[in-house]
2 protein chains.
Amino acid sequence: MSAIQKNEICKRLLSDVDDLPPRLQLAAKYIIDHTNDFGLDTIRVTAEKIGISANSLVRLASHLGFSSFEEMREPFRIALVEQYDSTGGDGWINRLSDAGPFGNSHARSVSNEIDIVKQSLKLLTVEKTESAVNMLMNARSAYVTATRASYALAYYFHYVGRMALPNLHLIPRHMGSPLDEMISVGKEDVLLAITFPPYSADTISALRLAKRNGTKVILISDSELIAPNIEVDLFLKVTLHSLHHFSCFAGAMVVLESLLYHLVSHGGEEAQARIASYEALREDFGAYWQAKLPKLRKK
Amino acid sequence: MSAIQKNEICKRLLSDVDDLPPRLQLAAKYIIDHTNDFGLDTIRVTAEKIGISANSLVRLASHLGFSSFEEMREPFRIALVEQYDSTGGDGWINRLSDAGPFGNSHARSVSNEIDIVKQSLKLLTVEKTESAVNMLMNARSAYVTATRASYALAYYFHYVGRMALPNLHLIPRHMGSPLDEMISVGKEDVLLAITFPPYSADTISALRLAKRNGTKVILISDSELIAPNIEVDLFLKVTLHSLHHFSCFAGAMVVLESLLYHLVSHGGEEAQARIASYEALREDFGAYWQAKLPKLRKK
DNA sequence: TCGATAAAAGAACATTTGTTCTTAAAATTC
DNA sequence: GAATTTTAAGAACAAATGTTCTTTTATCGA
C-alpha cells in the first residue's frame with residue numbers, strides 16, 4: 001500500500017529538488033538516499049544526520065503539500081514493515097495507480113501479492129528446503145494435512161506430490177476428523193501440516209498425536225507458536241499479511257511449489273516414470289488441439 | 001550485526017515462552033511473529049495490538065534480563081534498517097546459488113516462481129479485473145468450476161469468495177461430473193472456469209453447456225483456445241511455465257487472490273457482516289493464544 | 001547600500017513516549 | 001480457607017518528540 005506512496009514521494013522529491021531552498025535540497029537528497037533510516041529515525045535524529053535543523057524537515061513537508069511532517073514520513077515507516085521492493089524495475093505496478101481509484105486499489109493488491117510471495121520465498125532457506133525434501137523422501141509414509149481454506153493447499157500438494165512420493169497421503173481424505181486416519185502413523189513417517197489463523201483445532205490435535213507417536217513434523221504456518229505444547233521438527237514460515245480481512249495464501253503456495261519442484265527433480269527414475277504415465281493421460285484427455293491431422297507422407 | 005542479536009532474542013523467547021506468565025506469553029508470540037512491526041511500533045501501539053497493557057512489555061524485557069524495554073527493542077529496529085539495506089534488490093536470489101548444487105537448483109525454482117507470479121499479475125490488467133469483478137458481483141448466481149489439480153484453486157476461491165458472494169457455488173461440490181450440477185444455470189449467471197493442460201473434458205463440457213444456456217463465462221487458463229467451439233466472455237491468462245513437468249499454479253493463485261481482494265472490498269456492508277461472523281469463529285477455534293484470559297476487573 | 005523578502009535556526013509549547021509507582025486481581029502456598 | 005506471592009492494569013512522571021512561534025541570518029532587486 002504505502003510502498004507505492006513512498007515511491008511517489010521519492011519521485012516527487014527527485015523532480016522538485018532543484019527548485020528547493022538549499023537546506024531543503026540537502027534534506028531531499030538525504031531522504032532519497034536513506035529511505036529506510038528516514039522512516040525509522042526521529043525528526044531530530046534525521047536533522048542531525050543531515051546537518052540541518054529539525055524544523056527544516058517540517059518545512060520540507062509543507063513544501064510538498066503535506067499537512068505535517070509525520071504525514072510525509074508515514075509511508076516510509078509502513079514500507080519498512082512491508083519490505084516491498086518497488087525499486088526493482090517494477091514500474092508497471094506504479095503505473096496501474098494512474099487508472100483511477102480502481103486501478104489504485106488494484107496496484108495495492110498486486111504489490112501486496114508480490115511482496116508476500118517474495119518474503120515467503122526469502123524465508124525458505126536452502127537448508128530448510130533441503131531438510132524438508134530429505135524428510136519427505138526418506139519417510140516410510142508422508143502425510144499432508146490441513147482443514148478449511150488451507151485444505152486447498154494440501155489437496156494441491158498431494159495431487160502433484162504423489163507423482164514423486166507414492167506414499168504421500170492426504171488427511172482428511174474427504175471430510176471428517178484427521179485423527180481417525182492417523183492411527184498407524186509412526187516413527188518412520190512424516191507429517192506435513194498446514195494451518196493459518198484461525199488455527200484449526202483438528203490440525204493441532206494431529207500435531208500433538210504425531211508428537212506422541214514420534215512422527216517427524218513439518219509445519220507450514222505464519223507462526224511457530226500456533227498452540228501451547230507444540231513442537232515441530234521443521235518450521236517453514238510464510239507471510240500472510242493481507243490488505244483485507246483474509247490471509248493471502250500465495251506465499252504458502254509458492255513455498256509448496258518449491259518443495260514440489262525439488263521432490264519431482266530428486267524423485268529419480270521412478271518419479272519420471274509416474275510422470276510419464278500422467279503425460280499419457282494428458283494425451284487422452286487434452287487431445288483437443290493436438291496435431292491429429294493426417295501426416296504428410298514423403299513421396 | 002544486530003540482526004543476529006534480534007535472532008538471538010527471538011530464539012530466547014521461543015525457548016522461554018512456556019515458562020512465562022500468560023500475558024507475557026502472548027507478548028512473546030507476537031514479537032516472534034511480527035518482528036518488523038515490533039521494531040517500528042511504540043510500546044503502547046504494540047501493547048494495543050497484542051491486547052495487553054504497556055508495562056507488560058516492560059516486564060517482559062526485565063524477565064529476559066534487559067535493563068529496559070528499549071534495550072530489548074533496539075536490535076529489532078536496527079535489523080529493520082540493515083535487513084532492508086542488504087536485501088534491497090533481489091540479490092538474495094543470486095546468493096542462494098552459492099550454497100552448492102542444491103542451492104543452485106533452489107535459486108532457479110525461486111526465481112521461476114517469482115517470474116510466474118509477476119507475469120501473471122502483469123497480464124491481469126485493470127480493465128479485465130474490473131469487468132471480472134463486476135460480472136461476478138452482478139450475477140444472480142456465480143459458479144466456479146475446476147477438476148483435478150486446479151480443483152484446489154476453485155476450492156480456495158469458493159471458500160473465501162462466498163464471504164463476499166453468498167451465491168457463489170463450487171462445482172463439482174464433491175466428486176462427480178460438473179454437468180449434473182449445472183442444470184439450472186441460466187442467462188443471469190456467471191461461470192468461472194479454471195483449467196490447465198491437460199484440459200479437463202468435464203470443464204470443457206461445462207463451458208459448452210454454459211454457452212448454450214447463455215451464461216456469461218470467465219476463463220482462467222494459459223490459453224484462450226483450450227478446445228474448438230469454445231467462446232468466453234472474459235479470458236484471464238496466467239503463466240504456467242515451469243521447470244519441471246508440472247505447471248506452477250502460483251500465477252493462477254495470485255490472480256484469484258486479486259479478484260478476491262476486490263470482491264471483499266467492494267462487497268459492502270453485507271460482506272463485512274459475513275466476515276465478522278467468520279471472525280467470531282476465529283475466536284472460538286483459534287483461541288489458543290488469544291488474549292481471552294479472565295479480565296481483571298476494577299472494584 | 002538599503003529595504004524587503006525568504007530561509008534557517010533556536011527556543012517554547014503541547015503531546016507522546018518509556019518508565020516507575022501504586023493498587024487490584026489471580027495464583028500459590030501453607 | 002487465610003496469607004503470601006505473583007501477575008497485571010492504571011495512574012503518575014520525566015524525558016523525548018513533533019510542532020509552532022520568535023528571532024536571526026541570508027538573498028535579491030532597486
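Chain identifiers are assigned alphabetically (A, B, ...) following the order of the sequence lines, protein sequences preceding nucleic acid strands; residue numbering begins at 1 within each chain.
Ion pair B:E74/B:R77 not flagged as a salt bridge, since none of the NZ, NE, NH1 or NH2 atoms sits closer than 4.0 Å to an Asp/Glu carboxylate oxygen.
With rounding to the nearest 0.5 angstrom, the CD1 atom of A:I43 is 7.5 Å from the CZ atom of A:R73.
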Hey, what are the protein-to-nucleotides 20-23 of chain D N/O distances that come in under 3.5 Å?
| residue | atom | partner | partner atom | Å |
| --- | --- | --- | --- | --- |
| D:dC21 | N4 | A:N55 | ND2 | 3.3 |

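The CZ atom of A:R73 sits 8 Å away from the P atom of D:dT19 (whole-angstrom rounding). Between B:I43 atom CD1 and D:dA16 atom C1' the separation is 14 Å, expressed in whole Å. We find that CG of A:L20 is positioned 15 Å from P of C:dA6, with the value rounded to whole Å. If you measure from atom CG of B:L40 to atom C1' of C:dT17, you get 14 Å, rounded to the nearest angstrom. Rounded to whole angstrom, the span from the NE2 atom of A:H63 across to the P atom of C:dA6 amounts to 10 Å. Atom-to-atom, CZ of B:F69 to P of C:dT17 comes out at 12 Å; the value is rounded to the nearest Å. One can place CZ of A:R23 at 13 Å from C1' of D:dT27, the figure rounded to the nearest angstrom. Rounded to a whole Å, the CZ atom of A:R44 is 15 Å from the P atom of D:dA15.
Applying the side chain to side chain contact (heavy atoms under 4.5 Å, CB included) test between A:K216 and each of A:D189, A:L234, A:D233, A:L191 identifies A:D233 as the sole match. Of the options A:L60, A:L13, A:D19, A:V17, a side chain to side chain contact (heavy atoms under 4.5 Å, CB included) to A:L24 is made by A:L60 and by none of the others.
A:V190 approaches A:M135 most closely through the heavy-atom pair CG2-O, 3.4 Å. The heavy-atom pair separating A:F196 from A:A252 by the smallest distance is CZ-CB, 3.7 Å.
A cation-pi arrangement is found for B:R162 relative to B:Y159, the charged atom lying closer than 6.0 Å to the ring centre and inside a 45° cone about the ring normal.
Of the residues near DNA chain D, B:E70 and B:R59, the one whose nearest nucleotide (by heavy atom distance) lies more toward the 5' end is B:R59.
Using a 4.0 Å heavy-atom distance criterion, A:S53 is classed as a base contact.
Residue B:L24 has its side chain nearest to D:dA8 when only C:dA9, D:dA8, D:dT17 are considered.
Here A:S68 reaches the OP1 or OP2 of D:dT19: one of its side-chain N or O atoms lies under 4.0 Å away.
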